[in-house]
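Single-structure report; data block below.
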Amino acid sequence: MKALLALLLLVGCGDDAPRASAPSRVVAVQARESTRTAEAFCDFFPTAEQARPFAMPELAERVATDDGWRWVNVWATWCAPCVEEIPTLVEWEGRLAREGAPIDLVLVSVDESAEIVASFRERVRGVPETARVADPDAVGDWLGGLGMEGAPTLPVQILVDPRNRTRCIRSGAVGEEDYAAVKRLVSG
(Lines give C-alpha, C1' and ligand atoms only; values in the text may rest on other atoms or scores of the structure.)
Protein backbone atom coordinates (compact mmCIF):
# COMPACT_ATOMS: atom_id res chain seq x y z
CA MET A 1 0.00 0.00 0.00
CA LYS A 2 2.82 2.43 0.85
CA ALA A 3 4.48 1.70 -2.50
CA LEU A 4 1.23 2.46 -4.33
CA LEU A 5 0.80 5.72 -2.43
CA ALA A 6 4.41 6.74 -3.17
CA LEU A 7 3.88 5.97 -6.87
CA LEU A 8 0.72 8.08 -6.94
CA LEU A 9 2.54 11.01 -5.33
CA LEU A 10 5.25 10.89 -7.99
CA VAL A 11 2.76 11.18 -10.85
CA GLY A 12 2.31 14.74 -12.12
CA CYS A 13 -0.39 16.11 -14.34
CA GLY A 14 -0.12 14.33 -17.65
CA ASP A 15 -1.92 15.09 -20.83
CA ASP A 16 -4.63 12.46 -20.64
CA ALA A 17 -6.76 12.85 -17.52
CA PRO A 18 -6.73 14.07 -13.94
CA ARG A 19 -4.41 12.08 -11.73
CA ALA A 20 -2.94 12.31 -8.28
CA SER A 21 -0.69 15.35 -8.21
CA ALA A 22 3.00 15.35 -7.51
CA PRO A 23 3.88 17.19 -4.35
CA SER A 24 5.15 20.71 -4.93
CA ARG A 25 8.73 21.36 -4.00
CA VAL A 26 9.07 21.32 -0.24
CA VAL A 27 11.36 23.31 2.00
CA ALA A 28 12.01 21.34 5.17
CA VAL A 29 12.72 24.36 7.37
CA GLN A 30 10.64 27.48 6.91
CA ALA A 31 12.92 30.52 6.99
CA ARG A 32 11.81 34.09 7.62
CA GLU A 33 12.78 35.08 4.11
CA SER A 34 13.71 32.38 1.66
CA THR A 35 17.27 32.37 0.42
CA ARG A 36 16.31 30.14 -2.49
CA THR A 37 18.13 31.26 -5.60
CA ALA A 38 16.77 31.51 -9.12
CA GLU A 39 19.07 28.60 -10.02
CA ALA A 40 17.35 26.46 -7.38
CA PHE A 41 13.88 27.61 -8.45
CA CYS A 42 14.37 27.05 -12.20
CA ASP A 43 14.80 23.70 -13.93
CA PHE A 44 16.31 25.55 -16.89
CA PHE A 45 18.20 28.74 -16.02
CA PRO A 46 20.39 30.19 -18.76
CA THR A 47 22.46 33.32 -18.32
CA ALA A 48 21.10 36.48 -19.93
CA GLU A 49 23.56 35.98 -22.81
CA GLN A 50 22.62 32.31 -23.33
CA ALA A 51 18.86 32.79 -22.99
CA ARG A 52 16.89 31.85 -26.08
CA PRO A 53 14.34 34.14 -27.69
CA PHE A 54 10.83 33.45 -26.42
CA ALA A 55 8.04 32.57 -28.81
CA MET A 56 4.54 31.46 -27.91
CA PRO A 57 3.23 28.29 -29.47
CA GLU A 58 0.41 28.66 -31.96
CA LEU A 59 -2.52 29.88 -29.89
CA ALA A 60 -6.23 29.33 -30.43
CA GLU A 61 -7.06 32.34 -28.22
CA ARG A 62 -4.70 35.22 -27.60
CA VAL A 63 -4.20 37.60 -24.72
CA ALA A 64 -2.46 40.96 -24.71
CA THR A 65 0.92 41.20 -22.98
CA ASP A 66 3.21 44.01 -21.90
CA ASP A 67 6.82 44.55 -22.96
CA GLY A 68 8.34 44.03 -19.48
CA TRP A 69 8.87 40.81 -17.58
CA ARG A 70 6.28 38.11 -18.33
CA TRP A 71 5.34 35.03 -16.33
CA VAL A 72 3.87 32.48 -18.72
CA ASN A 73 2.03 29.79 -16.78
CA VAL A 74 1.14 26.68 -18.81
CA TRP A 75 -1.80 24.96 -17.12
CA ALA A 76 -4.97 22.92 -17.60
CA THR A 77 -8.37 22.88 -15.92
CA TRP A 78 -7.97 19.18 -15.07
CA CYS A 79 -4.59 19.69 -13.35
CA ALA A 80 -5.14 20.10 -9.60
CA PRO A 81 -1.74 21.75 -8.83
CA CYS A 82 -2.35 24.15 -11.74
CA VAL A 83 -5.73 25.22 -10.42
CA GLU A 84 -4.49 25.46 -6.83
CA GLU A 85 -1.65 27.83 -7.69
CA ILE A 86 -3.61 30.33 -9.84
CA PRO A 87 -4.70 32.49 -6.85
CA THR A 88 -1.06 32.58 -5.70
CA LEU A 89 0.15 33.66 -9.13
CA VAL A 90 -2.48 36.40 -9.34
CA GLU A 91 -1.57 37.63 -5.85
CA TRP A 92 2.17 37.57 -6.71
CA GLU A 93 1.58 39.62 -9.87
CA GLY A 94 0.09 42.42 -7.73
CA ARG A 95 2.62 41.99 -4.94
CA LEU A 96 5.59 42.18 -7.34
CA ALA A 97 4.16 45.35 -8.90
CA ARG A 98 3.72 46.95 -5.46
CA GLU A 99 7.33 46.03 -4.58
CA GLY A 100 8.77 47.59 -7.74
CA ALA A 101 9.23 44.41 -9.80
CA PRO A 102 6.20 44.35 -12.12
CA ILE A 103 5.50 41.23 -14.13
CA ASP A 104 2.72 40.40 -16.57
CA LEU A 105 1.02 37.08 -15.79
CA VAL A 106 0.00 35.19 -18.93
CA LEU A 107 -1.98 31.97 -18.53
CA VAL A 108 -1.76 29.48 -21.39
CA SER A 109 -4.15 26.54 -21.21
CA VAL A 110 -3.52 23.16 -22.83
CA ASP A 111 -7.20 22.21 -22.59
CA GLU A 112 -8.85 20.77 -25.69
CA SER A 113 -11.44 23.50 -26.25
CA ALA A 114 -12.33 27.09 -25.49
CA GLU A 115 -15.63 25.88 -24.03
CA ILE A 116 -13.83 23.85 -21.35
CA VAL A 117 -11.81 26.90 -20.27
CA ALA A 118 -14.81 29.25 -20.42
CA SER A 119 -16.94 26.88 -18.34
CA PHE A 120 -14.12 26.54 -15.80
CA ARG A 121 -13.69 30.34 -15.55
CA GLU A 122 -17.44 30.70 -14.92
CA ARG A 123 -17.31 28.14 -12.07
CA VAL A 124 -14.02 29.31 -10.53
CA ARG A 125 -13.93 33.03 -9.87
CA GLY A 126 -10.66 34.93 -10.08
CA VAL A 127 -9.12 33.02 -12.99
CA PRO A 128 -7.67 35.65 -15.35
CA GLU A 129 -8.18 35.72 -19.09
CA THR A 130 -6.48 32.69 -20.59
CA ALA A 131 -4.84 31.98 -23.91
CA ARG A 132 -5.14 28.41 -25.19
CA VAL A 133 -2.72 26.47 -27.35
CA ALA A 134 -4.06 25.45 -30.74
CA ASP A 135 -2.48 21.98 -30.50
CA PRO A 136 -1.95 20.60 -26.97
CA ASP A 137 0.16 17.78 -28.42
CA ALA A 138 2.75 20.33 -29.62
CA VAL A 139 3.49 21.73 -26.14
CA GLY A 140 6.39 19.34 -25.50
CA ASP A 141 8.14 20.36 -28.71
CA TRP A 142 7.50 24.04 -27.95
CA LEU A 143 9.04 23.74 -24.47
CA GLY A 144 11.97 21.79 -25.90
CA GLY A 145 12.59 24.63 -28.36
CA LEU A 146 12.76 27.02 -25.40
CA GLY A 147 15.38 24.83 -23.70
CA MET A 148 13.36 22.53 -21.42
CA GLU A 149 14.48 18.94 -21.75
CA GLY A 150 12.41 15.85 -21.07
CA ALA A 151 8.68 15.66 -20.52
CA PRO A 152 7.78 18.36 -18.01
CA THR A 153 4.65 17.97 -15.91
CA LEU A 154 2.07 20.69 -15.55
CA PRO A 155 2.04 23.38 -14.44
CA VAL A 156 5.04 24.88 -16.24
CA GLN A 157 6.40 28.30 -15.29
CA ILE A 158 8.28 30.36 -17.90
CA LEU A 159 9.83 33.71 -16.99
CA VAL A 160 10.57 35.94 -19.98
CA ASP A 161 12.70 39.07 -19.62
CA PRO A 162 12.00 42.47 -21.21
CA ARG A 163 14.35 41.58 -24.10
CA ASN A 164 11.98 38.66 -24.89
CA ARG A 165 14.47 36.03 -23.71
CA THR A 166 13.48 32.86 -21.85
CA ARG A 167 15.26 33.30 -18.51
CA CYS A 168 13.71 30.51 -16.45
CA ILE A 169 11.60 27.43 -17.01
CA ARG A 170 10.26 25.36 -14.15
CA SER A 171 8.10 22.27 -14.24
CA GLY A 172 5.80 22.09 -11.22
CA ALA A 173 3.75 24.29 -8.96
CA VAL A 174 5.09 27.20 -6.96
CA GLY A 175 4.82 27.77 -3.23
CA GLU A 176 5.31 30.75 -0.94
CA GLU A 177 8.94 29.71 -0.41
CA ASP A 178 9.57 30.50 -4.10
CA TYR A 179 8.44 34.14 -4.04
CA ALA A 180 11.80 35.62 -3.01
CA ALA A 181 13.65 33.76 -5.80
CA VAL A 182 11.18 34.98 -8.41
CA LYS A 183 11.41 38.54 -7.11
CA ARG A 184 15.23 38.44 -7.22
CA LEU A 185 15.16 37.12 -10.77
CA VAL A 186 12.77 39.75 -12.16
CA SER A 187 14.42 42.58 -10.16
CA GLY A 188 17.93 41.89 -11.44
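Grouping the Ile, Leu, Val, Met, Phe, Trp and Tyr side chains by contacts below 4.5 angstrom, directly or via other members, places L59 apart from I116. If you chain together hydrophobic residues whose side chains sit under 4.5 Å apart, I103 and V90 fall into the same group. Under the 4.5 Å side-chain heavy-atom criterion for grouping Ile, Leu, Val, Met, Phe, Trp and Tyr, F44 is connected to M56 within one hydrophobic cluster. Hydrophobic clustering (ILVMFWY, side-chain heavy atoms < 4.5 Å, transitive): V106 and L154 are in one cluster. Grouping the Ile, Leu, Val, Met, Phe, Trp and Tyr side chains by contacts below 4.5 angstrom, directly or via other members, places W142 with V160.
Below 30°, between 30° and 60°, or above 60°: for F120 and W75 the angle between ring planes is between 30° and 60°, a tilted geometry.
Formation of a donor-acceptor pair under 3.5 Å by the R52 side chain with backbone atoms of G145 is found in this model. Distance alone, capped at 3.5 Å, places no donor-acceptor pair between the R98 side chain and the A101 backbone. With hydrogens and angles ignored, the 3.5 Å screen pairs a side-chain donor or acceptor of N164 with a backbone N or O of F54. Using a distance-only test at 3.5 Å, with no hydrogens or angles considered, no donor-acceptor pair links the side chain of R170 to the main chain of Q157. Proximity of a side-chain donor or acceptor of S113 to a complementary backbone N or O of D111 within less than 3.5 Å is not detected. Distance alone, capped at 3.5 Å, places no donor-acceptor pair between the R121 side chain and the T130 backbone.
Between V83 and T77, the closest heavy-atom pair is CG2-O, 3.6 Å. For the residue pair W69 and P162, the shortest heavy atom distance occurs at NE1-CD, 3.5 Å. Between S171 and M148, the shortest heavy-atom distance links the atoms CB-CE, 3.6 Å. Between I86 and G126 the shortest heavy-atom distance is CG2-O, 4.5 Å. Annotation for P81 and P155: closest pair CB-CD, 4.0 Å, computed over non-hydrogen atoms.
The shortest side-chain heavy-atom distance between E93 and W71 does not fall under the 4.5 Å cut-off.
When only modelled atom types and interatomic distance are considered, E85 and T88 share no side-chain donor-acceptor pair under 3.5 Å.
To the nearest 0.5 Å, the span separating CZ on R167 from CD1 on I158 amounts to 14.5 Å.
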Stepwise side chain to side chain contact (heavy atoms under 4.5 Å, CB included) check, D43 with I169 | CA-CA 6 Å; D43 294 325; I169 303 177; 5.8 Å; no
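The 12-atom threshold is exceeded at CD of E39, counting heavy atoms of other residues, nucleotides or ligands nearer than 6.0 Å.
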